[in-house]
Amino acid sequence: MTTFDVVDPSTGEVFAQASDCSAQRLDDVMAAAHAARDWGEDDAVRVAALVAAADAVLAAQDELAPLLAREQGKPLKAAAFEVAETARWLGASAELGLPREVVQDDERGYAEVVRRPLGVVAAITPWNFPLLLAGWKLGPALRAGNTVVLKPSPFTPLSTVRLGEVIERVLPPGVVTVVSGGDELGAWMTAHPLVRKISFTGSVATGKRIAAAAAPDLKRHTLELGGNDAAIVLDDADVGALARDLFWGAFINNGQICAGIKRVYVPESLHDELVDALAERAKAVRVGAWDEPRVQLGPINNRPQFERVRGLVDDALAHGATAVTGGAPLDRPGYFFAPTILTGVAEGVRIVDEEQFGPALPVMPYRTVDEVVDRANVTSFGLSGSVWGTDTDRASDVASRIDSGVVFVNDHLTLEPHLPFGGVKWSGVGVENGHWGLEEFSSLQARYRARR
Ligand code: NAD
């Protein structure tokens with residue numbers, strides 16, 4: 001069996017090996033998943049399986065959390081929360097249903113619409129929330145009666161492999177299998193003839209490749225891709241009251257979150273007050289390794305992403321930006337970057353136009369609401385966005401003009417199992433969560449019975 005290195009982002013050193021799934025092994029796994037595809041013909045079996053999976057994950061929290069924290073870099077407390085949320089999502093999927101709908105019942109005939117499983121689902125996840133995003137896929141895929149082959153990012157394979165072992169124990173063989181490997185393994189999965197559905201979370205570039213890979217075989221696909229979320233602060237906002245939530249809406253998970261705040265727009269009159277409040281928080285936040293006491297933010301997860309964030313910040317500074325705080329890596333081993341608040345930037349500078357996915361936030365002044373709505377929408381992304389103000393009706397009106405799959409008022413990032421989540425434009429295709437997400441793991445069958 002071949003293996004690949006797993007690096008601790010707090011040190012930059014290799015600390016473990018993960019198995020590298022070969023094409024031959026993938027064929028075997030796919031064949032087993034295909035053979036198991038009738039596992040959930042009885043709806044009660046699927047529900048019981050998800051309840052058991054949720055319980056098993058929660059019971060393994062003390063084992064999964066340190067593994068996740070070490071390979072991802074997030075603080076242990078945040079990793080434990082992610083494990084608990086993964087279990088919560090699996091449990092919430094058990095409560096969803098795919099009821100058959102009677103759409104005709106008259107003298108001509110009886111018609112009902114039912115939802116059937118698709119078969120083998122290829123699930124592919126990124127490195128920022130490996131377990132939670134796996135749970136977002138496993139829950140509905142299993143609830144709808146499919147089997148799943150799941151591949152985590154090569155930067156964070158270990159916790160998902162362990163999650164798979166924990167879940168596999170409570171399911172029939174072949175229903176869930178986790179395979180680890182590099183990007184090539186993902187490409188083999190999406191091209192595999194036994195796969196009927198691809199559920200992917202990751203970058204826009206990979207999402208486009210996957211859409212192309214799905215085309216020859218017309219595989220169904222759900223793509224949850226990047227974001228460049230704008231937070232718009234209105235002129236009646238109480239800056240003191242919102243600064244905390246705004247800060248964490250951007251910096252949670254060290255900014256490595258698809259639907260985090262990536263750009264802040266604030267009226268000129270409130271600009272300096274807001275920048276000061278955000279900078280104060282950025283300076284006070286405790287950055288450190290996952291197992292350091294009271295740590296709030298860890299390192300960036302991997303070297304390419306660390307270099308990308310550094311490059312975007314350097315580029316902004318070269319274009320006249322000011323780093324009110326931060327602006328550079330921390331002077332220690334690993335991929336630590338100081339929480340950074342940038343001013344003096346605008347559209348046309350890369351950190352505003354692209355997804356930074358790291359701990360650096362541009363804050364930009366605006367004059368009118370029409371102007372700021374245009375600026376929020378002038379992007380290829382459309383994942384989420386938020387509007388902050390005291391008059392919540394007015395804030396809701398502005399929020400409804402944001403071109404994205406999710407909008408928040410006086411909040412950013414509340415994600416719940418019952419709320420559909422997905423982007424428009426380059427941020428994705430389809431949604432996850434709620435019955436909308438569940439339906440994407442099934443196909444409709446219309447059944448018509450004539451009465452003659
Ligand atoms: P990535 O696209 O590089 O990798 C994601 C996964 O895809 C990994 O498992 C990778 O091995 C695999 N992969 C790479 N090439 C592939 C290919 N050709 N075919 C199939 N699989 C392939 O993304 P990343 O760097 O791991 O994650 C960061 C990105 O994910 C950011 O853009 C972020 O916004 C996005 N993201 C989106 C959401 C969302 O729900 N919308 C959530 C989290 C992260």
Side-chain angles (χ1 to χ4, degrees), residues 4 6 9 18 20-21 26 71-74 82 89 122-137 149-157 159-161 178-192 195 198-215 219 221-229 252-262 300-309 312 354-358 379-384 404-406 413 415 419-433 437 440:
F4 62 93
V6 186
D20 201 358
C21 179
L26 182 68
E71 66 177 354
Q72 207 289 327
K74 63 184 69 191
E82 183 172 336
W89 244 268
I124 301 174
T125 50
W127 45 259
N128 58 341
F129 287 92
L131 298 186
L132 182 58
L133 295 175
W136 283 29
K137 300 184 184 320
V149 178
L150 167 66
K151 188 196 94 67
S153 164
F155 293 114
T156 53
S159 53
T160 308
V161 167
V178 174
V179 290
S180 60
D183 295 350
E184 195 182 25
L185 175 61
W188 294 339
M189 288 168 69
T190 56
H192 202 282
V195 168
I198 302 164
S199 178
F200 171 75
T201 302
S203 64
V204 172
T206 306
K208 290 180 180 178
R209 275 182 216 117
I210 287 176
K219 292 186 172 85
H221 51 277
T222 300
L223 306 176
E224 293 288 359
L225 309 178
N228 193 11
D229 292 11
I252 191 162
N253 209 44
N254 215 14
Q256 302 166 121
I257 184 159
C258 53
I261 297 171
K262 309 275 166 64
I300 291 172
N301 171 254
N302 57 75
R303 177 163 287 285
Q305 185 61 21
F306 171 78
E307 296 298 351
R308 176 170 164 75
V309 173
L312 289 175
E354 299 178 22
E355 181 185 43
Q356 64 272 49
F357 216 64
T379 166
S380 315
F381 295 99
L383 194 51
S384 60
S404 61
V406 186
L413 268 177
L415 304 173
L419 276 179
F421 179 83
V424 300
K425 300 192 273 184
W426 285 7
S427 288
V429 173
V431 295
E432 296 191 287
N433 300 331
E440 295 200 12

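One is the number of the first residue; the rest follow in order along the sequence. As the structure lists them, so they are numbered: ligands from 1, and atoms in each ligand from 1. All values reported here derive from a predicted model rather than from experimental measurement.
Ligand 1 lies out of reach of Gly428, whose nearest heavy atom is not under 4.0 Å from it. Within the structure, the closest approach of Pro152 to ligand 1 falls below 4.0 Å when heavy atoms are considered. The shortest separation from a heavy atom of Phe200 to ligand 1 is under 4.0 Å, placing the residue in contact. Close to ligand 1: Phe421, with a non-hydrogen atom less than 4.0 angstrom away.
When Ala213, Ala187, Gly226, Pro304 are checked for heavy-atom proximity to atom 19 (N) of ligand 1, Ala187 turns out nearest. When Gly423, Ser203, Gly202 are checked for heavy-atom proximity to atom 2 (O) of ligand 1, Ser203 turns out nearest.
By the 4.0 Å N-to-carboxylate-O rule, Glu432 lies close enough to Lys137 to be salt-bridged with it.
At a 4.0 Å heavy-atom cut-off, ligand 1 does not touch Ile257 at all.
Applying the 4.0 Å criterion to heavy atoms of Cys258 picks out, from ligand 1, the atoms 34 (O), 36 (N), 37 (C), 38 (C), 39 (C), 40 (O), 41 (N), 42 (C), 43 (C), 44 (C). Listed by number with element, the atoms of ligand 1 under 4.0 Å from a non-hydrogen atom of Glu224 are 37 (C), 38 (C), 39 (C), 40 (O), 41 (N). Ligand-side atoms of ligand 1 in range of Pro154: 11 (O), range being under 4.0 angstrom from any heavy atom.
Considering both main-chain and side-chain atoms, Leu133 never comes within under 3.5 Å of ligand 1 through any nitrogen or oxygen pair. The shortest N/O to N/O separation between Thr125 and ligand 1 falls below 3.5 Å.
Cation-pi geometry between Lys208 and Trp426 is satisfied (NZ or CZ under 6.0 Å from the ring centre, within 45° of the ring normal).
In terms of protein heavy atoms, atom 33 (C) of ligand 1 is closest to Phe357 CE1, 3.2 Å. Nearest protein heavy-atom contact of atom 25 (O) of ligand 1 is Trp127 NE1, 2.9 Å.
Between Trp127 and Phe357, the ring planes are perpendicular. Angles over 60° get that label, and only those under 30° would be called parallel.
A donor and an acceptor atom, one from each side chain of Asn253 and Lys74, are located under 3.5 Å apart. For the residue pair Ser159/Glu71, the side-chain donor-acceptor check at 3.5 Å is satisfied.
Separation of the Phe129 and Trp136 ring centroids does not fall under the 6.0 Å cut-off.
The minimum heavy-atom distance linking Pro152 with Val178 is given by the pair CD-CG1, 4.0 Å.
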